Amino acid sequence: MTRLVLVLGDQLSEGLSALRAADKARDVVVMAEVADEAGYVPHHPKKIAFVFSAMRKFAAELRAAGWDVRYGRLDDRATGASVCAELLRRGEEVGATEVLATEPGEWRLIEALRACPLPVTLQPDDRFLCSHADFEAWAAGRKALRLEYFYREMRKTTGLLMEGDHPAGGQWNFDHDNRKPAPGAVDFDGPMRFAPDAVTREVLDMVADRFGDNFGDLEDFWFATDRAQARRALAHWVAGGLPKYGDYQDAMVTGERFLWHGVISMYVNAGLLGPMEVCAAVEQAWRDGRAPLNAAEGFIRQVIGWREYVRGIYFLEGPDYTARNALGQTRDLPPVYWGGETGMRCMAEAVGQTRTEAYAHHIQRLMVTGNFALLAGVDPAQVHEWYLAVYADAYEWVEAPNVIGMSQFADGGIIASKPYVSSGNYINKMSDYCKGCAYSVTKKTGQGACPFNLLYWHFMDRHRDRFAGNPRMAQMYRTWDRMDADKREVILSEAEQVLARLDAGEVV
Ligand code: FAD
Ligand code: DLZ
Ligand code: SF4
């Protein structure tokens, strides 16, 4: 009996578990560009174009490998509006009554497949290095689920950067070497760019037509859209970007959108590259003397540590994770996130390159846009939707723990042991943004005071009950308490004015 084999837009991997479980001689692969998936958040047009183009090219590869692939295009009226609707249509077409699928990376879609009238057998997504069972076993009985201990286990399991039982270089973590501030000049030409081929051009036309009003520029599309291109992009970065990746991982420079970052998360998350494959390339570069250990370790920690860890948390915590709001923050996401005018240079830079590239690096996401939303008391659900929409690498399994947990502390501290908040000082230390800003980072109050400086203390003050007892925050509360009462009052009232301006939709 023929079965349908579902391949989703972020499951574009030759060795996908659903494909391995299927029989090429009798089963039929179903792939589809469906309105529900393209529209459940207002995805950045470059993200949609990337997913659709990569899907079309992957479908062609599967056909060339002998699979019968039924591909539904968004511009074909017959295509179902949802994944389930498309499965029902194809089931009828080929006489199939059951579906094989690899577990999707979003609860929303898992639930939709469970509710679909066709029985769907879910295979584990074993492109990840840590299974649900292994993560649950690691988490069981622990008081705190801290990344560092998980990461060490993953180093041992994968053998990456290990010398026998010991970490290479005698240390698990070289993070303290990876915090150099903004350099004068960037000597890496950035991610490899690919001129759109015929498949991508056709997709670009359709996306321009259908999603041209979504936030984000479609022009100048340069992403890799198949595995061969993604492998070239990886090699290009390992050769040119990796050597300084560690040193400047946290730096931010005006107009420099990529610095020495890999810009490969969208390829790994869509399945064009494997996590072990990218780590092996990086480890080899270190072993060959082409990259220093702090760079290789810094990158590998993100991939086998953070990436696997956040996925573990997402599935451990369950479908309600994205609705959490431990700090009870309720403000609407300010228009600056959608490109509204702002005097804040750091926000203009981070949001601006998000608009043009569907990309911002980790510290921009965490310490600029994330930090501002947290300080300003924005509803975490709205922050989450924004991140899910605007980044080319965003799928809920990875985006939600980073936003709800790490960035917004909305999970109450499962991922972060303290909130990632800072005044303008941190941004000034790690970037050159403040030099070109309408505000003054050194001004704590008064005309032109940096909004981060004001909102930082407002945040600390309004969440005092929750954080005063946190030993990692005690020093900041001591600083606040030592301040003159009048000064504290001025800070809080000026912070209130900033918030009132945000609420009134005025430019901040
Ligand atoms: P590099 O700096 O070159 O890092 C190497 C790789 O490590 C990345 O390609 C990525 O695969 C992995 N990685 C690094 N940090 C993380 C992390 N915290 N969680 C998971 N993987 C990580 N990453 C996403 O892939 N999708 C998201 O939707 C996403 N949302 C984020 C939201 C917030 C608020 C924050 C603070 C971080 C988010 N991240 C997300 C993590 C990180 O910012 C991106 O993975 C990274 O910026 C991707 O760019 P890169 O490939 O140049 O990364
Ligand atoms: C992100 C995305 C988009 C924009 N469109 C589709 C689509 O039309 N068809 C599809 O199969 N997948 C798409 N995706 C990815 C999924 O929405 C979903 O986010 C992931 O499969 C969950 O991990
Ligand atoms: Fe951002 Fe404040 Fe610096 Fe301006 S002064 S760039 S608002 S941190």
Side-chain angles (χ1 to χ4, degrees), residues 6-11 31-41 43 47-48 50-52 55 72 74 83 86 103-106 108-110 125 147 191 237 241-242 245 249 258-270 275 278 282 298-303 305-311 342-349 359-370 372-373 383 387-388 391-403 406-408 420 422-428 431 433-443 448-453 508:
L6 175 66
V7 176
L8 293 164
D10 59 351
Q11 298 182 338
M31 296 180 71
E33 300 160 9
V34 298
D36 277 11
E37 295 308 308
Y40 67 92
V41 287
H43 300 286
K47 175 183 183 185
I48 303 178
F50 165 65
V51 172
F52 286 2
M55 284 176 72
L74 193 69
V83 171
E86 183 66 358
E103 182 184 70
E106 305 198 352
R108 176 188 62 79
L109 212 44
I110 294 175
D125 191 345
L147 177 274
W237 170 71
L242 175 64
Y245 167 80
Q249 207 176 333
F258 310 110
L259 297 162
W260 289 271
H261 286 273
V263 199
I264 53 155
S265 47
M266 68 276 210
Y267 307 143
V268 183
N269 293 351
V278 299
V282 165
F299 179 84
I300 287 171
R301 173 156 29 90
Q302 310 304 321
V303 177
W306 280 110
R307 187 171 184 273
E308 297 288 331
Y309 167 84
V310 297
R311 176 178 184 261
T342 178
M344 294 182 286
R345 189 78 191 145
C346 52
M347 288 291 284
E349 282 291 310
Y359 176 85
H361 74 65
H362 188 73
I363 292 300
Q364 294 174 305
R365 297 188 206 197
L366 188 64
M367 298 312 293
V368 179
T369 44
F372 189 72
V383 184
Y387 278 95
L388 190 56
Y391 290 112
D393 58 18
Y395 304 92
E396 211 177 84
W397 65 265
V398 56
E399 173 276 334
N402 272 298
V403 174
M406 191 190 314
S407 167
Q408 299 300 298
Y420 280 95
S422 78
S423 66
N425 197 27
Y426 174 85
I427 295 173
N428 191 34
S431 78
Y433 293 156
C434 301
K435 284 186 201 134
C437 184
Y439 295 99
S440 164
V441 73
T442 51
K443 280 193 90 170
C450 166
F452 282 86
N453 293 346
V508 170

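In what follows, every heavy atom counts, from backbone to side chain, and hydrogens, waters and symmetry copies are set aside. This is a predicted model, so every value here is computed, not measured. When a ligand or atom number is given, it counts from 1 through the structure's own listing order.
- Within ligand 1, the atoms closer than 4.0 Å to a non-hydrogen atom of V263 are 50 (P), 51 (O), 52 (O), numbered from 1 in the order shown.
- Counting protein heavy atoms only, atom 39 (N) of ligand 1 is closest to N402 ND2, 3.6 Å.
- Atom 22 (C) of ligand 1 has Q302 O, 3.8 Å as its closest protein atom, hydrogens excluded (heavy atom only).
- Less than 4.0 angstrom separates some heavy atom of M406 from each of these atoms of ligand 1: 18 (N).
- Looking at G9 next to ligand 2, an N or O pair under 3.5 Å apart turns up.
- For ligand 3, the atoms closer than 4.0 angstrom to any heavy atom of V441 are 5 (S).
- Under the 4.0 angstrom criterion, atom 53 (O) of ligand 1 counts as lacking any protein heavy-atom contact.
- Scanning the protein for heavy atoms near atom 3 (O) of ligand 1, the closest one is G262 N, 2.9 Å.
- More than 12 heavy-atom neighbours from other residues, nucleotides or ligands sit within 6.0 angstrom of OH on Y40.
- Remark: ligand 1 atoms within the under-4.0 Å shell around heavy atoms of A360 are 47 (O).
- Close N/O approach between W397 and ligand 2 is not found [any backbone or side-chain N/O within under 3.5 Å].
- An N or O contact shorter than 3.5 Å is missing between K47 and ligand 2 by distance.
- Nearest protein heavy-atom neighbour of atom 41 (C) of ligand 1: H362 ND1, 3.7 Å.
- At least one heavy atom of Y245 sits closer than 4.0 Å to an atom of ligand 1.
- Listed by number with element, the atoms of ligand 1 under 4.0 Å from a non-hydrogen atom of R307 are 11 (O), 20 (C), 21 (N).
- Within the coordination shell of atom 3 (Fe) of ligand 3, defined by N, O or S atoms under 2.8 Å, C434 is present.
- For Y387 and T369, the side-chain atoms include at least one donor-acceptor pair closer than 3.5 Å.
- Nearest protein neighbour of atom 23 (N) of ligand 1, counting heavy atoms only, is V398 CG2, 3.7 Å.
- Residue contact check: Y387 has heavy atoms under 4.0 Å from atoms 32 (C), 34 (C) of ligand 1.
- Contacts with ligand 2 closer than 4.0 Å are made by side-chain heavy atoms of L109 only, the backbone lying farther away.
- The E33 neighbourhood of ligand 2 comprises atoms 8 (O), with distances under 4.0 Å to a heavy atom of that residue.
- Using a 4.0 Å cut-off between heavy atoms, H43 contacts ligand 2 through its side chain alone, with no backbone atom that close.
- At the top of the distance list for atom 30 (N) of ligand 1, counting protein heavy atoms only, stands R365 NH1, 3.4 Å.
- Atom numbering of ligand 2 starts at 1 in the shown order; those under 4.0 Å from a heavy atom of A32 are 7 (C), 8 (O), 9 (N), 10 (C), 11 (O).
- The G105 neighbourhood of ligand 2 comprises atoms 22 (C), 23 (O), with distances under 4.0 Å to a heavy atom of that residue.
- Nearest protein heavy-atom contact of atom 3 (C) of ligand 2 is E37 O, 3.7 Å.
- The protein heavy atom nearest to atom 8 (C) of ligand 1 is S265 CB, 4.0 Å.
- Closest to atom 49 (O) of ligand 1 among all protein heavy atoms lies Y359 CE1, 3.2 Å.
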